Amino acid sequence: MKTAITPTREEDFAQWYQNVIKEAELAENSPTRGCMTIMPYGYAIWELIQEEMNKRIKATDTQNTYFPAMIPMSFFEKEAEHVEGFAKESAVITHYRLKTVDGKMDVDPEAKLTEPYILRPTSETMIGEATSRWIQSYRDLPMKLNQWANVFRWEMRTRIFLRSAEFLWQEGHCAFATEHEAMANVQQMLHVYGDFSKEILGVYSTLGEKTAEERFPGARHTFTREVMVQDGKALQTGTSHDLGQTFSKSFNIKFQSEEGKEEFAYTTSWGITTRMMGDIIAGLADDDGLVLPPKIAPHQVVILPFYRGDDRKDEIQKACLSLKQKLADLGIRALVDTTDARSSDKMWKWVKKGAPIRVEIGERELDAGSLSYVRRDIGKESKETLSTNDFLGKIDSVLEAMQTDIYEKHKAFTLDNTRTAKKLTDAEKWFKEGFKGFVLLPLSETEGAAFETVAEKYKVSRRCMPLDKPDHVIIAKSY
RNA sequence: CGGGGAGUAGCUCAGUCUGGUAGAGUGCUUGGUUUGGGACCAAGAUGUCGUAGGUUCGAAUCCUGUCUCCCCGACCA
C-alpha cells in the first residue's frame, strides 16, 4: 500500500519523523545552527497548547510575568550545582557593537561587556533575584509566577522539536513558606501536565520521579512526565522540580514568619516545552502523516468541495461555506479549502496535516442534502455519508470519540511495549533481543555497577520511578 | 564535541573518480482533456552547483578553510 510519507516508521523512523514535519508544514530548520522556524500551521498547534495550558496554570492562581532573556553571568555563579548543569551549553553575549572592517562585519573589540550576559537556559536565577526583593513577609507567600518564553541551550546534537538550541516553553517559579506547600505545588503541577496530556494532547504519559542522577541541577526532587513514542524511546516533556531552599539560600529569598522569625522560602519550578509537538508527531502520527487530536487541531473539520468543471462550483462552495458557518456556531473550528487544486491533492494535503475530520461535498451530496466525512485516525474505512443535519447533530460526539480513541490507542501502544522485569538480567536479555520500549525494573536492581554496564551497553537510562510504582524504575532509550 | 555521510532548479537526486561552461524526475506557469484515495497531453519558466579562497587557459568536478543538515556516540527539555 502506498503511504503519504516515505520512508515509513518501520523503514526509517528518524527520516519519517522529519518528513512528517515537512509535509505537514509544521517547522523547518533555520539557517541559525540548531534552531528551528516554526511555520504557521505548527505555531497554530502550539498556540492551542499554550491557550489551554495557560488557562490551567491560571486556574492554580499563578500569575504570568516576563523576565529578560539575558541573564548577568554573575547570577549563575551564585548557585554552584546549577551553574555546573548549564555551563556546558550556555550561549554568552560578550559585545554590544559591531564594526565593519574591509566590508566585513565583526565584533568591535572596543565594545566588550564588562559583565557578559547568558542567554537564559532557564530563569531560576533571574526570578530568584527578583522574588528575593518582592518577598518580605509570610503575607507575600505563596508567590506563584509563570512566564511563556524562549530559552537557549547550546545542544551538541539537535533534532527539530525534540531538541533545539532555542525552544519555547512555559516556566513556573513559585515560592512557599513551608516545605509541605512547595511539595504540594510540585505534585499539583505534575498532575496538571498529566491531565493536560490525557485530555488535550491525546498522549498517554507516565508520571514519575527522576532518580538522583537524572535530577534538575539544584533540585531536591524532580518529577517528570515521560512519553513513549513510536520507536519505543522515551520523551521527557514536562518536569516539576522541588528546589527546596537551594535557590532561596543562594538568592536570599527570605521572609518574616508569623512568629517574626526570618526564614528561607521553599521554591519550585515546572515547565512544558515545544517538545510537546514532538509527542504528537513521534507519538501519534502514522505513515500518512500527522494525526491531530481534535482539541489541538487548528482546523477540526476541513471541508473539501468536489466538483467537475465549473457548472455547479458556486453552488457547491456555497454549501461548504454554509456548513462551515453552522460548525462555527457549534464552536467547531472549520475550514473550507477553496484553493484551486485537484480534489485528490487537497485530500492528501489534509491527510498529511492531520485534520481530524475531512468533509467532502460534491454533486452527489449537494443533490441529496448530505455530506461525506472521514476520520483521520481511522482512514477511508470510516467514510460515512449522511444528511447535513445528522452530521451537525453528531459532530461533537465524533470529535469527542476521536479524542479519546487517539489517547486509548497511544495508551495501548505504550502498555504493549512496556515490560516488567524481576531481575536486571531479564531486562538485559530483552534489550539484547532488540526489545524497544520501557522496562520496569525494581529499584534495587538499578543500583550497582552491573546496571551501569547494561545501561552503557544498550544505551538505556533511568527514565523515572512511576508514581504508581515507586519501587520500580522505567529503563529505556531516550531522546 | 568525536566518528561517518551530505549540501547542484521549490522538492528528491544524477553529474564529481577521469576538469571543457548545467541535467532528470517531480513540483511550478499556460492551454486543453479529466476529476470521489495520488490523472493525462502539449508548451514554458527556474540555478552565483552551501560559502570563501587556492590550483588551472578553463572548476559543480582537484586542494584548503568555513557554514549548515542527517546518522551513530558523549550531553540534555
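A note on names: the letters A, B, ... follow the listed sequences, proteins ahead of strands, and every chain is numbered from 1. Remember, it's a predicted structure, so these values are computed and weren't measured experimentally.
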Are the side chains of A:Ile93 and A:Pro116 in touch, meaning some heavy atoms are under 4.5 Å apart?
no
Options B:U68, B:A74, B:G38, nucleotide nearest the side-chain atoms of A:Ala4:
B:G38
Whole angstrom value for the distance that separates P of B:A74 from CD of A:Glu89
16 Å
Now, which nucleotide makes the Watson-Crick or G-U wobble pair with B:C75, with each of the two distances under 3.5 Å?
none
Between A:Asp345 and A:Lys459, name the one whose nearest nucleotide on RNA chain B is closer to the 5' end.
A:Asp345
If pairing means Watson-Crick or G-U wobble with both distances under 3.5 Å, then the partner of B:U66 is B:G50
Pairing nucleotide - B:U55, Watson-Crick or G-U, each distance under 3.5 Å:
none
Pairwise C1' distance, B:U8 and B:C13 [rounded to whole Å]:
9 Å
Scan A:Glu23 against the nucleic acid and name what it touches under 4.0 Å (heavy atoms): base, sugar-phosphate only, or nothing.
nothing
Sugar-phosphate only, base, or nothing, as touched by A:Arg159 at under 4.0 Å among non-hydrogen atoms:
sugar-phosphate
With the side chain defined as heavy atoms from C-beta on, A:Ala14 is closest, among B:C75, B:C71, B:C1, to B:C71
Within the 4.0 Å heavy-atom criterion, would you say A:Arg342 contacts the bases, only the backbone, or no part of the nucleic acid?
base
Would you say A:Lys210 and A:Gln236 are linked by a side-chain donor-acceptor pair, where the criterion is simply a distance under 3.5 Å?
yes
Do A:Asn146 and A:Thr62 pair up side chain to side chain, a donor and an acceptor below 3.5 Å, judged on atom types alone?
no
Answer with base, sugar-phosphate or nothing: what part of the nucleic acid does A:Thr385 contact at a heavy-atom distance below 4.0 Å?
nothing
Hey, does A:Gln236 reach any base, or is it just sugar-phosphate, or nothing, if we go heavy atoms under 4.0 Å?
sugar-phosphate
Where the side chain of A:Ser343 is concerned, which of B:U12, B:C76, B:U35 is the nearest nucleotide?
B:U35
Would you please confirm or rule out a distance under 4.0 Å between OP1 or OP2 of B:C71 and any side-chain N or O of A:Arg157?
yes
Considering only atom C1', compute the distance from B:G31 to B:A52 and round it to an integer number of Å.
46 Å
Measure CZ/A:Phe161 against P/B:C70 and give the value in whole Å, please.
13 Å
Give a yes-or-no answer on whether the side chains of A:Asp337 and A:Thr339 include a donor-acceptor pair shorter than 3.5 Å.
yes
Given B:G36, B:C70, B:A39, identify the nucleotide with an atom nearest to the side chain of A:Gln15.
B:C70
Of A:Ser370, A:Ser387, A:Ser372, which meets side-chain hydrogen bond (donor to acceptor under 3.5 Å, both in side chains) against A:Glu365?
A:Ser372
Whichever of A:Gly362 and A:Lys88 has its nearest RNA chain B nucleotide further upstream toward 5':
A:Gly362
To the nearest Å, how far apart are A:Glu155 CD and B:C70 P?
13 Å
A:Met156 CE to B:C72 P: how many Å, rounded?
17 Å
Do A:Glu365 and B:G36 have a side chain to base donor-acceptor pair shorter than 3.5 Å?
yes
Kindly point out which of B:G38, B:C70, B:G36 is positioned nearest to the side chain of A:Arg364?
B:G36
So does A:Lys346 get a side-chain nitrogen or oxygen closer than 4.0 Å to the phosphate oxygens (OP1/OP2) of B:G37?
no
What's A:Arg358 touching, base or sugar-phosphate or nothing? Going by heavy atoms closer than 4.0 Å.
base
Taking the P atom in each of B:C63 and B:G20, what is the distance between them to the nearest angstrom?
15 Å
What distance, rounded to whole Å, do you find between the two C1' atoms, one in B:A59 and one in B:G15?
14 Å
Classify the side chain of A:Ser372 and the base of B:G36 as holding, or not holding, a donor-acceptor pair under 3.5 Å.
yes
I'd like to know if A:Arg163 reaches the base of B:C76 with its side chain, counting only an N/O donor and acceptor under 3.5 Å.
yes
Side chain of A:Asn29 only, heavy atoms from C-beta on: which candidate in B:C75, B:C71, B:C70 is closest?
B:C70
Given atom CD of A:Glu214 and atom P of B:C76, what is their separation to the nearest angstrom?
7 Å
Return yes if a side-chain donor-acceptor contact under 3.5 Å exists between A:Glu171 and A:His173, otherwise no.
yes
Using a 4.0 Å heavy-atom cut-off, does A:Gly85 contact any base of the nucleic acid, only the sugar-phosphate backbone, or nothing at all?
nothing
If you measure from the C1' atom in B:U51 to the same atom in B:G7, how many Å do you get, rounded?
11 Å
Side chains of A:Asp242 and A:Thr268: do they bring a donor and an acceptor to under 3.5 Å?
no
Below 4.0 Å: OP1/OP2 of B:C69 and any side-chain N or O of A:Gln18
no
Find the partner of B:C40: check Watson-Crick (N1-N3 plus N6-O4 or O6-N4) and G-U wobble (N1-O2, O6-N3) distances, both under 3.5 Å, and reply none if neither fits.
B:G32
Could you tell me how far B:U55 sits from B:C62 if I compare only their C1' atoms? Round to whole Å.
8 Å
Using the C1' atom on both, measure B:A14 against B:A9 and round to a whole Å.
13 Å
Do A:Lys318 and A:Glu315 sit within salt-bridge range, that is, some charged N less than 4.0 Å from a carboxylate O?
no
B:G37 base stacked by A:Trp348? Criteria: ring centres under 5.5 Å, plane angle under 30°.
no
If B:G23 has a Watson-Crick or G-U wobble mate with both distances under 3.5 Å, name it; if not, just say none.
B:C13
For B:C28 and B:A74, measure between their P atoms and round to the nearest Å.
44 Å
